[in-house]
Participant: 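Here's a structure for you.
Keep in mind that the numbers below use all heavy atoms, side chains included, and drop hydrogens, waters and symmetry copies. In listed order, ligands and their atoms are each counted from 1.
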Amino acid sequence: MLTRLIYHSENHLGAADGKMIVGLNAIMDAANRNNQRLNVTGALLFDTLWFVQILEGEREAVSATFRRIVTDERHDGVTLMDVRPIKERLFGNWWMGLGLLRGDNRPLYERHSIGQRLDPRRLTGEQVLALALDLAATGLNRRL
Ligand code: FAD
């Protein structure tokens, strides 16, 4: 059964500097490698304080991936936002696409009433999905 899971968590990669970029790229590399093997697709929205991730795939594959992610010390406070069966994937082109708030997509974030900073505690799973889909339409990244 195809399933979509959305969660948010607190970024523990450290200060917003080169080390954080290296850490984020290591996560993206592992995600792209493992997700391809398990046929898991999705998007990771990143802010200096937060991760918000959408995982889609067969229920067993999404669960196995999520179990690995939850124990990762590079983040904390993993909080489920939504889990549901789906008929089709929305991020089928992305083993894991990375979305970031940048100067050029700020209007897109503003259209979603997200403003200057991504704070997933204020968002529903549906709002996250709508933002991630708009970001995917303009192009997510494979890594930084
Ligand atoms: P490895 O190849 O062993 O590790 C990859 C890199 O990450 C290496 O540089 C390694 O040193 C480093 N690393 C691994 N684990 C840790 C750790 N606990 N603390 C610090 N550094 C570490 N994995 C997926 O498979 N799919 C995903 O979609 C995915 N999304 C993630 C989203 C977030 C927000 C985070 C924090 C992690 C995510 N991960 C994802 C990574 C996941 O938590 C595991 O680290 C990874 O799946 C382990 O796979 P591996 O054994 O192939 O990694």
Participant: Between atom OG1 of Thr41 and atom CG of Leu90, what is the distance when rounded to the nearest 0.5 Å?
Facilitator: 9.0 Å
Participant: Not counting sequence neighbours, list each pair that qualifies as a side-chain hydrogen bond (donor to acceptor under 3.5 Å, both in side chains) and has a residue in residues 24-33.
Facilitator: Asp29-Arg143
Participant: Any side-chain heavy atom of His112 within less than 4.5 Å of one from Gln127?
Facilitator: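 With C-beta onward as the side chain, the pair stays apart.
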Participant: Among Val52, Thr79, Ile69, find the residue that satisfies the side chain to side chain contact (heavy atoms under 4.5 Å, CB included) test when tested with Tyr7.
Facilitator: Ile69
Participant: Enumerate the residue pairs fulfilling side-chain hydrogen bond (donor to acceptor under 3.5 Å, both in side chains) with a member in residues 43-52, sequence neighbours excluded, ordered by first and then second residue.
Facilitator: Asp47-Arg117, Thr48-Arg117
Participant: Which hydrophobic side chains are connected to Trp95, either touching it within the sub-4.5 Å cutoff or through other members that do?
Facilitator: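 Listed partners: none, Trp95 stands alone.
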Participant: When you look for protein heavy atoms under 4.0 Å from ligand 1, which residues do they belong to?
Facilitator: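 The answer is Tyr7, Ala26, Ile27, Ala30, Ala31, Arg33, Asn34, Asn35, Phe51, Gln53, Leu55, Thr65, Arg68, Ile69, Asp72, Glu73, Arg74, His75, Met96, counting any residue whose heavy atom sits under 4.0 Å from ligand 1.
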